[in-house]
Every structure is written in C-alpha cells, then in structure tokens.
Amino acid sequence: MDLKSNHGCRILTDPIPITKPRLQFHDSLLPLSSSEVFSHGPFLTIPWNKPGLLDDVLSTSWLDDMKSSSPRHMIKYNGNEFSTNDVDAAYHNWMLNYPSALTSIEHIMNNAKGKRIALFLDYDGTLSPIVDNPDHAFMSNAMRAAVRNVAKYIPTAIISGRSREKVRKFVGLKELYYAGSHGMDIMGPVQCSADHTTEIKEGNLYQPASEFLSMINEVFVSLVKITKNIKGAKVENNKFCVSVHYRNVDEKSWKTVAEYVQDTLKHYPRLRLTHGRMVLEIRPVLKWDKGKAVEFLLESLGLGSCDDVLPIYVGDDRTDEDAFKFLREGDRGYGILVTPAPKESSAYYSLRDPSEVLHPKGGIAPPFAYHLVMQALQAS
Ligand SMILES: O=P(O)(O)OC[C@H]1O[C@H](O[C@H]2O[C@H](CO)[C@@H](O)[C@H](O)[C@H]2O)[C@H](O)[C@@H](O)[C@@H]1O
C-alpha cells in the first residue's frame with residue numbers, strides 16, 4: 001500500500017488487485033450488472049440465485065499469469081508474492097486499450113473540434129486521493145482552483161456516491177452542478193426561458209429515490225448499531241444510499257461485516273447492494289445510476305440530443321462505469337478511468353491517480369480540459 005500525505009492524512013493506493021482476499025456474500029447480495037438494471041421495469045427484483053463472489057476489487061486473474069515470469073522485485077501482499085515489474089508491464093499493456101488521457105490530447109482535441117464540452121467529475125479517488133478516513137478526503141486547493149477555472153468555460157458537474165450536501169461542502173464551489181447519492185440527488189441547472197441560457201439555482205432538485213429516504217435512514221441506524229463493535233467499521237449516511245466502509249476493519253472481521261449487511265438487507269427487498277473501493281453500498285433498486293444522472297444533466301443543460309456536444313466523464317470506481325457505458329454507447333463522449341492498476345472498463349482513456357487529473361502546470365484541470373479550454377478560447 002502506497003502512503004503519501006494529504007493534509008496530514010494517509011493517502012492510500014488500494015492494493016494492486018492481484019490476489020486480494022474476497023468478501024464472501026450470500027448470493028442475494030451480488031451486485032447487479034448494468035444490463036440487469038436496465039432490462040427490468042422501474043423497480044427491480046433482486047436476483048436471488050446468482051452464483052459468485054462479491055469482490056472489492058475487479059477480477060484480474062490474467063495478472064496472476066504474468067506473476068510467474070521470474071520477476072526480480074517481489075512484493076509480498078496477503079501472503080502472496082508478485083512482481084512490481086510485472087504489474088508495471090501489465091499496466092503498460094493495459095494502456096494499449098486505455099491510453100493515457102495525458103498523451104491522447106491531440107486525439108481528444110481533434111474529436112472535440114467544433115463541439116461543446118460538458119465535464120463530469122467523480123469526487124473520491126478522482127478529485128481527492130483515497131484516504132483511510134472518509135471524513136478527511138479533502139481536495140487540494142490547487143485542484144479546487146483548477147476545477148473552478150475549467151467551470152468558467154465548460155459546464156461542469158460533480159457526480160458522487162456521497163450525499164450531495166457533503167460532496168458540495170468538500171468541493172466548495174457554487175458554480176458547479178452536483179449530483180449526490182450516485183446521481184439520485186441532483187441539483188440541476190435551470191433553463192431561462194427568455195434567452196435559453198442555463199443557470200444554477202438552489203432548490204431545483206431532482207430526487208428520483210425520494211420515497212426511499214426514510215427506509216435508507218432506518219437501514220443506516222440499524223447498521224450503525226450492529227456494526228458498532230466491529231473495530232474500524234464505519235457506516236456513512238449518503239442520504240439515498242448508505243456506505244459501509246471496511247477499509248479499516250481487520251480482514252478477519254470482513255466476513256462479519258458482510259453478514260451484518262446481508263442480514264439487514266434481507267428485511268429490505270427494495271434495496272440492493274453495489275460495491276466500491278473497500279466499501280459496500282446499499283441503495284434503492286431503482287433504474288437510476290451515474291449514467292442516468294449524466295443523461296439527465298445533459299438534457300437539463302439543453303445538450304441532450306445535440307451532435308455538437310462532447311461529454312467527458314472522469315471517475316475511478318465501479319459505479320462510474322455506468323456513466324462510461326452511457327457515453328460509449330452511441331459514441332456520445334469519453335470516459336476517463338482513474339486507476340493505478342489495470343481494470344476492465346467502458347472508459348476510453350486512463351489516468352493513474354488524482355495527481356494526474358490535475359494539470360501539472362497548475363491552472364486548469366483536468367489536463368485534457370486545459371487544452372480543450374485553450375482551444376475553445378482560441379476559436380472564440
Ligand atoms: O462516487 P464517489 O465520489 O467516488 O464516492 C464513492 C464513495 O467514496 C467514499 O469512499 C471512498 O473514499 C474514502 C475516502 O478516500 C475511502 O476511505 C473509502 O475506502 C472509499 O470507498 C465515500 O466515503 C463513500 O460514501 C462513497 O460512496
């Protein structure tokens with residue numbers, strides 16, 4: 001695990017997903033794939049008989065094969081040895097399919113010619129580094145300034161699993177659009193009928209899961225209660241979803257965390273489980289996700305079905321995949337996956353970590369947007 005510092009906090013690079021132990025779950029708690037989510041009616045029936053495991057990392061078994069290539073520098077992780085060289089090689093190999101956004105500027109710029117850009121940014125792991133205490137996931141001032149700058153020229157939205165209020169507090173910029181609770185709580189732009197421009201107004205909310213509010217609260221309270229004796233477990237109320245963090249829980253107790261979540265969910269068939277980075281996320285079984293939120297925001301901005309719009313989404317987690325997928329379908333735009341390790345993704349490009357999201361020369365971020373903004377300014 002890589003440790004740096006962020007306002008005195010430990011910055012964590014999640015372990016390379018090679019041989020990480022997996023949390024064992026009852027079948028009913030398996031995450032729904034996007035296709036399952038979209039193939040049903042407005043509410044979903046949780047598939048009770050799907051076999052498998054709930055991973056907290058993507059399966060990368062092909063990396064195991066590379067492990068055996070007589071590496072010189074071995075790393076021991078969870079009792080298994082693997083090579084840093086191999087991981088690097090795997091990453092470079094992976095980048096053939098997911099080229100770095102840093103080195104693809106020209107390609108992106110060419111495709112952006114004559115188009116209006118809309119920028120969507122995930123928060124944790126994208127704008128702020130992953131740290132062990134979710135309450136301390138601060139964004140740097142440089143990143144804040146960069147996002148503020150880019151938002152002057154490009155409609156910019158933050159789409160986060162956190163509650164909208166919390167992520168807005170972390171980001172601290174009033175000129176952005178915010179979608180919290182994985183897109184289930186959107187403070188949308190308002191169209192001015194007079195000149196068809198859009199503006200941000202308090203109170204223009206879209207909350208497709210509002211009927212779940214009290215249920216989510218109930219689940220939050222009960223999970224706080226039952227996990228209170230598990231050292232390191234943290235339950236976070238994200239308004240329309242609940243996060244159960246196990247990052248700081250001893251691995252021996254992960255099973256207990258899983259069982260508690262499983263037992264709780266048995267009483268709530270209208271809630272489902274998804275998973276992120278060392279976190280279990282409980283949310284309504286609604287046909288709504290970050291992809292839907294992007295679609296909704298584009299429509300609200302009047303950019304919905306326009307050929308001259310290029311939406312770009314930057315995110316690091318599995319829940320961001322719904323947005324990547326939405327953009328990839330019909331070649332709507334680009335997803336950029338922030339990850340230090342190879343992952344299957346619907347994104348087009350990659351960045352290694354939040355430090356790459358920030359333009360190295362300071363000023364406007366993310367790096368591709370810097371160039372796009374310059375291009376837009378030169379064109380005007
Ligand atoms: O959609 P996001 O903005 O990426 O939010 C997803 C979850 O992010 C937070 O948890 C993650 O970041 C924490 C701070 O770095 C880290 O400690 C945790 O292990 C990560 O899973 C947030 O706390 C969750 O509520 C969000 O759902």
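Quick note: numbers below take in every heavy atom, side chains included, and nothing from hydrogens, waters or symmetry partners. Indexing begins at 1, ligand by ligand and atom by atom, following the structure's order.
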Using a 4.0 Å heavy-atom cut-off, which part of N238 comes near ligand 1: side chain, backbone, both, or neither? side chain
Taking the ring of W288 and the ring of F240, is the distance between their centroids below 6.0 Å? no
Between D316 and D124, the two heavy atoms sitting closest are OD1-O, 2.9 Å
Please check whether D317 reaches ligand 1 - meaning an N/O of the residue sits under 3.5 Å from an N/O of the ligand, judged on distance alone. no
Using a strict cut-off of 4.0 Å, indicate which atoms of ligand 1 neighbour a heavy atom of S160. 1 (O), 2 (P), 3 (O), 5 (O)
Is there any N or O on G276 that sits under 3.5 Å from an N or O of ligand 1? no
Ligand-residue contact atoms, ligand 1 with E236, heavy atoms, under 4.0 Å: 22 (C), 23 (O), 24 (C), 25 (O)
Is the Y334 ring parallel, tilted or perpendicular to the Y348 ring (thresholds 30°, 60°)? perpendicular
E321/R328 ion pair, N-O < 4.0 Å: no
Is the shortest distance from a Lys or Arg side-chain nitrogen in D135 or K234 to a carboxylate oxygen in the other one below 4.0 Å? yes
Judged by modelled atom types alone, do E281 and H275 share a side-chain donor-acceptor pair under 3.5 Å? no
Atoms of ligand 1, numbered as shown, that sit under 4.0 Å from any heavy atom of V279: 21 (O)
Walk me through whether E218 and Y268 qualify under side chain to side chain donor-acceptor pair (under 3.5 Å). CA-CA 10 Å; E218 208 175 284; Y268 297 94; 2.6 Å; yes
Sub-4.0 Å heavy-atom approach of S128 to ligand 1: no
N238 and S163: side chain donor to acceptor below 3.5 Å: no
Regarding ligand 1, does H245 bring an N or O atom to under 3.5 Å of one of the ligand's N or O atoms? yes
Which of the ligand 1 atoms, numbered from 1, are nearer than 4.0 Å to a heavy atom of S243: 24 (C), 25 (O), 27 (O)
Without hydrogens or angle criteria, can the side chains of D317 and T319 be said to hold a donor-acceptor pair below 3.5 Å? no
Out of K166, K234, R277, the nearest non-hydrogen contact to atom 21 (O) of ligand 1 is supplied by R277
For atom 17 (O) of ligand 1, which of the options V131, N237, D132 provides the nearest non-hydrogen atom? V131
What atoms of ligand 1 come closer than 4.0 angstrom to any heavy atom of Y123? 3 (O)
Proximal atoms of ligand 1 relative to P129 (non-hydrogen, under 4.0 Å): 15 (O)
Determine whether the side chains of Y178 and D185 contain a donor N or O and an acceptor N or O closer than 3.5 Å. no
Would H136 count as a contact residue for ligand 1, given that I'm defining contact as a non-hydrogen atom of the residue lying under 4.0 Å from a ligand atom? no
Heavy atom to atom 1 (O) of ligand 1, shortest distance: which of R162, H182, K290 holds it? K290
